[in-house]
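The structure appears right after this line, and notes come after that.
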Amino acid sequence: MSEELFSQRTTTCGALTKADDGARVVLNGWVHRNRNHGSVHFINLRDRYGITQVVVDDDAPAELAALADSLRLEYCIAVTGVVRRRPDSMINAEMSTGEIEVKAEKIEILSRCAPLPFQIEETTQAREELRLKYRYLDLRSKGMQDRMRLRHDFILSMRNFLASRDFYEIETPTMIRSTPEGARDFLVPSRHYPGKFYALPQSPQLFKQILMVGGMDKYFQVARCYRDEDARGDRQLEFTQLDLEMSFVTREDILALMEELFVHVFKEVMDYDLPANFRRLTYEDAMNTYGSDKPDLRFDLPLVDFADIALKSSFTTFKQIAEAGGTIKAIVAPASEEVAFSRKYITSLEDAAKVYGAQGLAWMKVENGSLSGGISKFFEDQEEQVLQRTQAGEGDMILFVAHQSWRRCCASLSAVRNKLGRDLMLIKPGFEFAWIIDFPLFEADEESGGWTAAHHMFSMPQQQYLDTLESDPASVKGDLYDLVLNGYEVASGSIRIHDVELQKRIFRICGIDDAEAEERFGFLLEAFRYSPPPHGGIAPGIDRMVMVLAEQSSIHEVIAFPKNTAAISPMDNAPSEVDPKQLEELHLSVIYPPEKEQE
RNA sequence: GAGGGUGUAGCGAAGUUGGUUAUCGCGACGGCCUGUCACGCCGUAGACCGCGGGUUCGAGUCCCGUCAUCCUCGCCA
């Protein structure tokens, strides 16, 4: 019935301008608003491109007027009519199409709409649960439409840039051998081979390295990755990365390429000028100065070391921790008009610190040029030194965390730093990128007492540590790099190992003997026997980056069909039970946990 | 595995030290309206206050349990 209408479709609701005055058009869209003034109707017709006002004039046939009256919100309709300029007094400067309107000659209802579970507005008010259940309605909102467009533009811009640099986009399989990299694998049972499973990739890591062996010296892929771990606001169990790998490169080549890429993309997509080179911090400096390996550099507020001063003070709590080799750091909260440093506020900062293991948050203030309150009385003899070290000024507050663990001390104060940044309105608008480099290659595994790869087992140790890998794993730094944006880790990469023997050494340090390495990663080791090129790569997280660009705090806002934090998709109700026949074919039977027994 | 927040009409919220009829805005439905554009005006319907139990003369409000959801720790490059 509507083929004729579709075939003569000439425009979209956002495209009309005064230049179209007099044109006969067909507009397809959804009824966004319907204002009935008795014998004149105004219908705001909406599609992906915008909104156009359709008018049913008082001279319209009764039939058309009645039809207009019967339209309900979100009906999908086709309007045939003539574009006309609005009289000057009726121009709506707020609308991109506000200079024109379409005088309707014919309206066809293409489909009706059931009662809406929530209203479709620029920013949907409904709680997320509902938005996800009726995602198709939520996607009609301007906010979601804008974010989907931003995501598209962002990915397209990256693709175009990389294509212009001779990269091939190559797909790698999503059903692979299980080679857990740290996270839990999602498994897919094999029908043909009872007891065997495919795994969904946590990243295309091994395949992209093998592509390098295959001579595909510049590869990228917009890759879906899967990790069966608990979700967070910036973490989903499936997510999308721009996976990238290059042969014959050093770290500098990768960093330079990424800087060029994002300078290009931010200009093209956001019209935002990034610096040609991003700031660099070593992991150790980032931790020591900001307490985090993903610091938000839109504000400064550095941490300072305090253990040496604490040792000389009369504050036994600090002295004991310092003497035992623990870490004591301080941060200065600058005097602010936003927040009074009340007991209550200090407690809220302390709560933020305690989440990351701090036992408490000590404090003192600078009043009339000297230290007062909190633990200041223990530092009477060190006053000058404290002021000098912290650079605290009049009205500022100095906050301290002491902890046996350097990491926990850093992490706790980082939480305080981030809260201060927000509360004291210190965060500058814009985008602050930074590279975090020189990560440790190994970290102690508390469970086994051995070592585990801090990043993954395929990263190259830095040259100067090659002789001391086994004797001193703790101090080995890798050719590893993270890209940080506004406090989020948005990319991570490394130069890879391409030498079988070196790779085996790393495996051994991580507790994987040669036999197990052969069993699990034999195909990689085999590939490395055939003249592998030196190579390295990186993988920017697309969801997180678009989230930051869209000024959102949850990646749900930039994913068309996200799962919730309980790993459920409220729209299609995944995961679901399956037909027993399916299980039978897959040679599976389900053992339910005792308290959740099914019928 | 753990901690915290939230749950009141279709949606978003208010609801005081426990008190009689649970408010408000939007939406829906009906009516009026010739220029609106978040149109306006008049009217109507719509709530097992997440669910279960308890305390009480009386519970949306207090207690216990439970479910859902969000945030976070652990976990996750």
Side-chain angles (χ1 to χ4, degrees), chain A residues 32-45 51-60 65 69 72-74 86-87 89-95 97-98 101 103 113-134 137-138 180-185 202-203 205 225-237 239 241 293-294 351-352 354-358 408 411-412 415 436 439 441 443 446-447 452-459 478 480-483 489-494 538-539 541 553-554 556 564-568 570:
Chain A
H32 189 64
R33 292 266 144 62
N34 186 9
R35 294 181 293 279
N36 176 358
H37 287 254
S39 49
V40 180
H41 290 78
F42 300 98
I43 300 155
N44 282 3
L45 194 63
I51 292 175
T52 290
Q53 173 165 282
V54 172
V55 186
V56 178
D57 269 339
D58 57 343
D59 61 1
D69 203 32
R72 296 290 171 260
L73 293 189
E74 295 305 316
R86 297 194 194 185
S89 61
M90 288 151 203
I91 287 173
N92 184 348
E94 308 285 304
M95 278 172 89
T97 59
E101 61 194 10
K103 178 183 162 69
C113 187
L116 290 164
F118 54 83
Q119 287 157 252
I120 290 155
E121 294 163 295
E122 282 223 0
T123 309
T124 310
Q125 302 289 311
R127 77 183 98 96
E128 192 182 40
E129 199 181 344
L130 265 185
R131 291 176 57 202
L132 294 186
K133 181 167 182 192
Y134 300 95
L137 294 177
D138 191 41
E181 288 168 39
R184 211 170 278 122
D185 272 339
Q202 296 182 26
S203 79
Q205 183 61 34
C225 306
Y226 306 86
R227 291 175 195 169
D228 187 8
E229 298 292 346
D230 289 354
R232 281 286 192 291
D234 63 349
R235 245 162 55 193
Q236 282 266 299
L237 39 82
F239 59 98
Q241 288 187 337
D293 60 1
K294 45 178 180 162
D351 290 343
K354 281 180 171 174
V355 169
Y356 291 86
R408 287 194 190 282
S412 303
I436 312 297
F439 279 83
L441 197 62
E443 57 189 30
E446 284 168 25
E447 273 178 45
T452 165
H455 176 79
H456 58 51
M457 292 182 290
F458 314 106
S459 296
L480 288 159
Y481 32 88
D482 276 8
L483 184 61
E489 179 200 312
V490 293
S492 194
S494 64
I538 190 164
S553 56
S554 165
H556 297 183
N564 65 20
T565 49
I568 287 166

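In what follows, chains are A, B, ... by sequence order, proteins preceding strands, each numbered from 1.
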Indicate whether OP1 or OP2 belonging to B/C73 is found under 4.0 Å from a side-chain N or O atom of A/R232.
-> yes

What is the minimum heavy-atom distance between A/L137 and A/F118, and which atoms define it?
-> CB-CZ, 4.0 Å

Go ahead and name the base partner of B/G7; Watson-Crick or wobble counts if both distances stay under 3.5 Å, otherwise write none.
-> B/C67

Residue closer to the 5' end of RNA chain B, A/N564 versus A/E489 (nearest nucleotide) | A/N564

Return the value, rounded to whole Å, for the distance between atom CD of A/E122 and atom P of B/C11.
-> 22 Å

Nearest of B/U8, B/C73, B/G27 to any side-chain atom of A/L73?
-> B/G27

Provide the Watson-Crick or G-U wobble partner of B/G12, both distances under 3.5 Å; none if there is no partner.
-> B/C24

Cationic N near anionic O, under 4.0 Å, A/K103 to A/D59 | yes

To the nearest 0.5 Å, atom CE of A/M457 lies from atom CG of A/L441 at 11.0 Å

For A/F42 and A/H37, run ring pair (Phe, Tyr, Trp, His ring centres under 6.0 Å): C-alpha distance rounded to whole Å, both residues' side-chain angles, the deciding distance at 0.1 Å, then the answer.
-> CA-CA 8 Å; A/F42 300 98; A/H37 287 254; 5.4 Å; yes

Closest to the A/R127 side chain, choosing from B/U69, B/G12, B/U72 = B/G12

Of all the choices, B/U69, B/G10, B/C75, which nucleotide is nearest to the side chain of A/A566 once you look at every atom?
-> B/U69

Side chain of A/R72: nearest nucleotide among B/U34, B/G30, B/U72?
-> B/G30

Check: B/C75 base within 3.5 Å donor-acceptor of A/R235 side chain | yes

Using atom C1' of each nucleotide, how far apart are B/G31 and B/G7 to the nearest Å?
-> 37 Å

Taking the P atom of each, how far is B/G46 from B/G58, in whole Å?
-> 29 Å

Work out which heavy atom in A/A352 is nearest to a heavy atom in A/A415; give both atom names and the distance.
-> O-CB, 3.6 Å

So what's B/A47 paired with, Watson-Crick or G-U wobble, going by both distances under 3.5 Å?
-> none

Taking any strand in view, what nucleotide pairs with B/G18 in a Watson-Crick or G-U wobble way, both distances under 3.5 Å?
-> none

Round to a whole Å and report the spacing from CG of A/D230 to P of B/C71.
-> 12 Å

Over how many whole Å does the gap from A/E128 atom CD to B/U69 atom P extend?
-> 11 Å

Near A/R86 CZ, under 6.0 Å, is it more than 12 heavy atoms from other residues, nucleotides or ligands?
-> yes

Roughly how far apart, to the nearest Å, are B/C49 and B/G43 at atom C1'?
-> 27 Å

Rounded to the nearest angstrom, tell me the gap between atom CG in A/D69 and atom C1' in B/G31.
-> 11 Å

Pick base, sugar-phosphate or nothing for A/D228, based on heavy-atom distances below 4.0 Å to the nucleic acid.
-> nothing

Interatomic distance at C1', B/G53 relative to B/A59, whole Å = 13 Å

Tell me what A/Q125 touches on the nucleic acid: a base, only sugar-phosphate, or nothing, going by heavy atoms under 4.0 Å.
-> sugar-phosphate

Look at all strands and tell whether A/A453 reaches a base, only sugar-phosphate, or nothing, counting heavy atoms closer than 4.0 Å.
-> nothing

Should the pair A/E229-A/R227 be classified as a salt bridge under the 4.0 Å nitrogen-to-oxygen rule?
-> no

Is there a donor-acceptor contact under 3.5 Å linking the side chains of A/E74 and A/H32?
-> no

Nearest-angstrom distance, P atom, B/A28 to B/A68 = 33 Å

Going by atom types only, do A/Q202 and A/D185 share a side-chain donor-acceptor pair under 3.5 Å?
-> yes

Starting at the 5' end of nucleotides 36-42 of chain B, put B wherever the base has a protein heavy atom under 4.0 Å, S where only the sugar-phosphate does, and a dash everywhere else.
-> BBSB---

Does any nucleotide pair with B/G30 by Watson-Crick or G-U wobble geometry, both distances under 3.5 Å, and what is it?
-> B/C42

For A/L116, which contact category applies under a 4.0 Å heavy-atom criterion: base, sugar-phosphate, or nothing?
-> sugar-phosphate

Length of the OH-C1' vector between A/Y356 and B/G4, whole Å = 14 Å

Sugar-phosphate, base or nothing in reach of A/P115, heavy atoms under 4.0 Å | nothing

Using atom C1' of each nucleotide, how far apart are B/U16 and B/G52 to the nearest Å?
-> 28 Å

Gap between atoms CG and C1', on A/D482 and B/C76 respectively (whole Å) = 14 Å

With P as the reference atom in both, quote the distance from B/A9 to B/G65 in angstrom, rounded to an integer.
-> 25 Å

Pairing partner (Watson-Crick or G-U wobble, both distances under 3.5 angstrom) of B/U55 | none

C1' atoms of B/U61 and B/U72, separation to the nearest Å = 28 Å

Rounded to whole Å, CG of A/L132 lies from C1' of B/C70 at a distance of 11 Å

Side chains of A/R35 and A/N44: donor-acceptor distance under 3.5 Å anywhere?
-> yes

Rounded to whole Å, the NZ-P distance (A/K294 to B/C76) equals 14 Å

Who is the Watson-Crick or G-U wobble partner of B/C73, with both distances under 3.5 Å?
-> B/G1

